[in-house]
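Remarks on the structure that follows.
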Amino acid sequence: MIDMRVDIGGVKLKNPVLVSSGTFGFGKEYSKFYDLNLLGGVAVKGITLKPRKGNKPPRIMETPAGILNSVGLENPGLDVFIEKELPFLKKYSVPIIANISGNTIEEYSLMAKELNDHVDLIELNVSCPNVKEGGIAFGTKSDSVYEVTKEVRKNCSIPIIVKLSPNVTDITEMALAAEEAGADCISLINTIMGMAIDIENRKPYFHNIVAGLSGPAVKPISLRMVWQVAQKVNIPVIGMGGISNWQDAIEFMMAGADAISIGTANFYNPLAPIEVLEGIEKYMVENGISNLSEIKINGGVK
Amino acid sequence: MIDMRVDIGGVKLKNPVLVSSGTFGFGKEYSKFYDLNLLGGVAVKGITLKPRKGNKPPRIMETPAGILNSVGLENPGLDVFIEKELPFLKKYSVPIIANISGNTIEEYSLMAKELNDHVDLIELNVSCPNVKEGGIAFGTKSDSVYEVTKEVRKNCSIPIIVKLSPNVTDITEMALAAEEAGADCISLINTIMGMAIDIENRKPYFHNIVAGLSGPAVKPISLRMVWQVAQKVNIPVIGMGGISNWQDAIEFMMAGADAISIGTANFYNPLAPIEVLEGIEKYMVENGISNLSEIKINGGVK
Amino acid sequence: MQRDICRILSNHKVTGNIYKMVIESRIISKKALPGQFIHIKPGDGYDPLLRRPISICDLDADNSQVTLLYRVCGKGTRLFTHTKTGDFLDVLGPLGNGFPIFHSKRVAIIGGGIGIAPLLYLSKELIEAEVYLGFRDETYMIEDFMKYSDNISIYTEDGSKGNKGYPIEALERNIRSYDVVYACGPKIMLRAVKNLCEENHIECYISMEERMGCGIGACLVCACESSSNEEYKKVCTDGPVFNSKEVNLDD
Amino acid sequence: MQRDICRILSNHKVTGNIYKMVIESRIISKKALPGQFIHIKPGDGYDPLLRRPISICDLDADNSQVTLLYRVCGKGTRLFTHTKTGDFLDVLGPLGNGFPIFHSKRVAIIGGGIGIAPLLYLSKELIEAEVYLGFRDETYMIEDFMKYSDNISIYTEDGSKGNKGYPIEALERNIRSYDVVYACGPKIMLRAVKNLCEENHIECYISMEERMGCGIGACLVCACESSSNEEYKKVCTDGPVFNSKEVNLDD
Ligand SMILES: Cc1cc2nc3c(=O)[nH]c(=O)nc-3n(C[C@H](O)[C@H](O)[C@H](O)COP(=O)(O)OP(=O)(O)OC[C@H]3O[C@@H](n4cnc5c(N)ncnc54)[C@H](O)[C@@H]3O)c2cc1C
Ligand SMILES: Cc1cc2nc3c(=O)[nH]c(=O)nc-3n(C[C@H](O)[C@H](O)[C@H](O)COP(=O)(O)OP(=O)(O)OC[C@H]3O[C@@H](n4cnc5c(N)ncnc54)[C@H](O)[C@@H]3O)c2cc1C
Ligand SMILES: Cc1cc2nc3c(=O)[nH]c(=O)nc-3n(C[C@H](O)[C@H](O)[C@H](O)COP(=O)(O)O)c2cc1C
Ligand SMILES: Cc1cc2nc3c(=O)[nH]c(=O)nc-3n(C[C@H](O)[C@H](O)[C@H](O)COP(=O)(O)O)c2cc1C
Ligand code: FES
Ligand code: FES
């Protein structure tokens, strides 16, 4: 018998395959393709305290083996999320991860407090490159990562995942700061700051100028960062960034990820999470691996 | 008449199309495909004071729209470079850029002093992710970028290009430090630290574990960094990172690059630099642009 | 809406860079409404990465056939041309809302260039529709439209085929004789049709285009400006068809 | 060495995942030596990104034809199978050093699996060569080798064709009757041949494989261990053919 369960701060995921915030809406759309209960967890679209209209179009650009997005955290705001969007996902038993962004530490704390009784885990987005205020500002300094995590920790009892930005010199600093502040888990990576120029019209393609790069193109970078972080922290790590198939997922798990998350791949292959899950299962059976952590290179010994 | 000349610290490049260090050997190989005098400049393989054997194979891995390399600065050392390799390039009138890496500031200075009478420009590689000592260590802290540039400045009279690492939180800090220390030009980006895992053999694919990512996959990131740096510095900027065709080159020039450099593209298209050059020329003629800097968005006004 | 691996029954050039592809899909051919689209993966590999939205141009439910009309304008559509009869295509669909159908009303359909693609199936459903089609020079699919409507006027910019000029000019002359106008084509044409209809208080439905990620409403990248400035509309699920009053076509 | 856009004259499956392609190239067919290779761009687009090195299997200078034999094992080689007669292939070549040719000596050629590819053209140049070929189960290109040598022994691991076992066993029995041995195939076979020849003080040339970037000596990524531990060899220009004494085949 193989055991695919993952424990994140006491919450048991039945398997290590999650779907990434902002690529999976609030669950409805992909529930038409498969039973969401098959997933290890669902990270919903990033939420802010107040509703956000999001950035002016265009919001997406295809790049070689990747995409740039500039959604800018369009979302209905905390209250509408809880009243209107959450009930659908609640019909499933799949763990729900609320991904939150704030302009101030107080906003993060307030949202966490509110969400505490409604969702299973909270993911602090301190790494969104697509909003002027907040977001990434928090994610590129270890002391602010520490502070926001610490404060949120005081305001909720459910496990906290801190989602790190790759746009830093040393990502392990941020991971350690989050761990020290009481985070139960680290997830990485968010999108990498990129840009495109519309040469016909001689201007940046996005109104916000910079946008977030994701997809297979970033996989070598995200894998490296997951490896670096997994070497350092003693809390679970959720790896993401360009994962498209089960081989990619196994690479991340060998690098030290306790769970993995599928984002952009949902767009070109709506069944990606299920195919990845089946692939990991098959890999474990064929290699006589009974426990996920055995997949880690030298069993994850640091 | 269109003017494609670029002035870098007094050295006139006849056009803005360069080829990147480490992808073009010492010039011999590609000279079989076209006349090297057509190029704006040639950056030769990175040189160190003493010969380096380079990293243990494997040294390359194809990734989605990119490659990871782990050459590890294999090179014959400063003296052999000057005696044996340089004479070939010297037969051409194309400006020669010596790309140097050191383990200490003294090594950088010594090499710069030596090279001063042999090459046209010096490019300080403070950003090689593939060597244990030196290299990138210098490139991720603004004060060490400042120091190494400052010292080298004292030891040579030819223009200094400082080549920045993208593996930093704020690349403009590094660029400003270099400018302040007396650099004549900034070139960016070097490769991005990435990784791959050999899942068959359950180990990192490269002996050095991390390797350098380059190619079209990184273009959105390099373009963003070139934009950020060009907004800040008042010295010329050489843009590179994933440029494969003239449209890419125009994007970089609109972003503020005074010149661009072709690296990985040489591998899959040995004629890329020439095609890019012709494309830029055609673009200028068709758009009635007589001077390169007119290509910059709002004429490069900051 | 679902994922379907469809066999390609035919795929060939119509004229210039315009191609016609017929694929086999029981579900899509049974379910699809005029104005809906499918999301197609171009080739394998990660470059290009995303699916491409293509309208349902026509269908034959009895034979499970879906007809697509596409214009080659980049990586993905170029890859479409490399596929041949017998190959398989990875498709999501049918997607989007489609055109509302009014049988008892007097309706006009106006299309420009490749924008005519979704209008063929629409004209089939609206037997009585009067159809205005505009092209740059080469015309295409005219015979097909003739199968479904006996009131078709053709315009080309250079007058090489049909009448010289733009279909909007003719629609303008007859605008009062319609209750509803359906439009698909270049933004500049849609803007003109929107204004024309709104000035004359005529109901108008237009099919919009935006770059897409998921194509099913999950990623919010296909936002288009709505007339109410509070929010954006999702072209993939709120559209692609909108009442002209819902959307803002200014640049 | 140069870039050539070559027309594909034929491209079809030989057996299993082994394909044979014939391309048209005046220069390559005139210049190429046995053991040299060409560097081929698989498809357009950036995924896959790099060229693929493929040996020259045979050539016909009079008709400007170059024959390639390839095994499908990944993205690039799979894309090769999608190309058809009349398509064009972006090629660099001929590249590498090739096998040294000794006409007056007694020579043996030993190949395993797809490693036989460069050995066909070699056996054509070395009329007198005795050829040992090993396969897992399916054999291929045997008739072609017969055109050039009348002394061929075939081995399959399962004995389904030819003799059961490995060609190295036969070579071992006859090793003293040769002055020079040429080898190409799996690393484990090359290691055995190298050891056998060096024990018996027989000259041995082996063709090596390493992942490549430029293919022409400019990027240093194709390094392989040399027997002198001071330096690495470049497979693309120092090789792909090496005197067994130059290289180190240990893992
Ligand atoms: C609802 C809808 C229905 C459509 N129906 C048709 C049709 O029936 N026939 C047809 O020829 N075209 C149709 N289009 C346009 C078609 O989707 C684009 O021409 C196509 O995606 C271009 O892809 P490419 O790879 O060739 O171009 P590229 O420029 O290489 O594409 C790059 C990226 O931009 C996107 N993109 C580029 N142009 C458009 C566009 N106009 N609209 C949306 N995304 C775009 C691509 O999907 C891709 O993600 C439709 C678009 C939409 C939104
Ligand atoms: C000098 C030389 C001659 C060769 N001649 C032939 C031949 O005649 N017929 C044939 O079938 N194969 C030959 N090979 C091997 C062939 O190059 C690889 O099988 C092919 O590159 C695999 O590409 P892929 O995209 O299918 O596999 P992938 O695994 O998708 O390739 C990924 C990357 O690894 C490289 N790679 C993978 N395997 C090898 C390998 N064994 N050697 C070098 N690079 C590799 C690819 O070039 C690519 O850059 C030769 C290799 C070399 C070095
Ligand atoms: C369209 C889009 C929207 C996203 N929105 C969010 C978000 O709201 N909050 C967040 O933390 N990450 C967001 N992300 C980042 C993803 O969750 C993920 O971290 C990133 O895309 C890398 O994974 P991938 O390459 O598998 O997509 C978004 C990504 C995309 C492509
Ligand atoms: C194989 C290889 C070797 C390289 N060696 C060097 C080097 O010696 N010194 C250096 O400064 N950059 C080196 N680089 C980085 C390139 O010069 C360039 O900065 C980088 O590849 C990004 O550009 P590209 O995407 O066009 O290749 C190397 C890159 C590659 C792929
Ligand atoms: S394309 Fe994803 S929401 Fe419309
Ligand atoms: S492949 Fe570039 S040096 Fe050999």
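Naming: A, B, ... by sequence-line order, numbering from 1 per chain. Not measured: the values here are computed from a predicted model.
There is no contact between F252(B) and chain A, counting heavy-atom distances below 4.5 Å. Looking at P166(B), there are no atoms closer than 4.5 Å to chain A (heavy atoms on both sides), in backbone or side chain. For L223(B), the parts sitting under 4.5 Å from any heavy atom of chain A are the backbone and the side chain alike.
Taking both residues in full, the closest heavy atoms of A217(B) and L213(A) are given as O-CD2, 4.0 Å, listed atom of the first, atom of the second, then distance. Between I297(B) and P204(A), the shortest heavy-atom distance links the atoms CD1-CD, 3.8 Å. Across R202(B) and M254(A), no two heavy atoms sit closer than the pair CG-CE, 3.6 Å.
Of the N and O atoms on the side chains of T169(A) and T140(B), not one donor lies less than 3.5 Å from an acceptor on the other residue.
Counting only heavy atoms from C-beta outward, the side chains of T63(A) and K219(B) never approach each other to under 4.5 Å.
In this structure, R224(B) contributes its side chain and A211(A) its backbone to no donor-acceptor pair below 3.5 Å.
Contact count versus chain B (heavy atoms, under 4.5 Å) is highest, among S244(A), G66(A), A196(A), for A196(A). Ranked by non-hydrogen atom pairs under 4.5 Å with chain B, the options G215(A), P64(A), A255(A), A65(A) are led by P64(A). Interface check for chain A: of the options I209(B), V218(B), D170(B), V226(B), the most heavy-atom pairs under 4.5 Å are formed by I209(B).
K282(B) NZ: 12 or fewer foreign heavy atoms inside a 6.0 Å radius.
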Task: Worked check of side chain to side chain contact (heavy atoms under 4.5 Å, CB included) between M193(A) and I221(B) - done: CA-CA 6 Å; M193(A) 267 195 277; I221(B) 303 170; over 6 Å; no
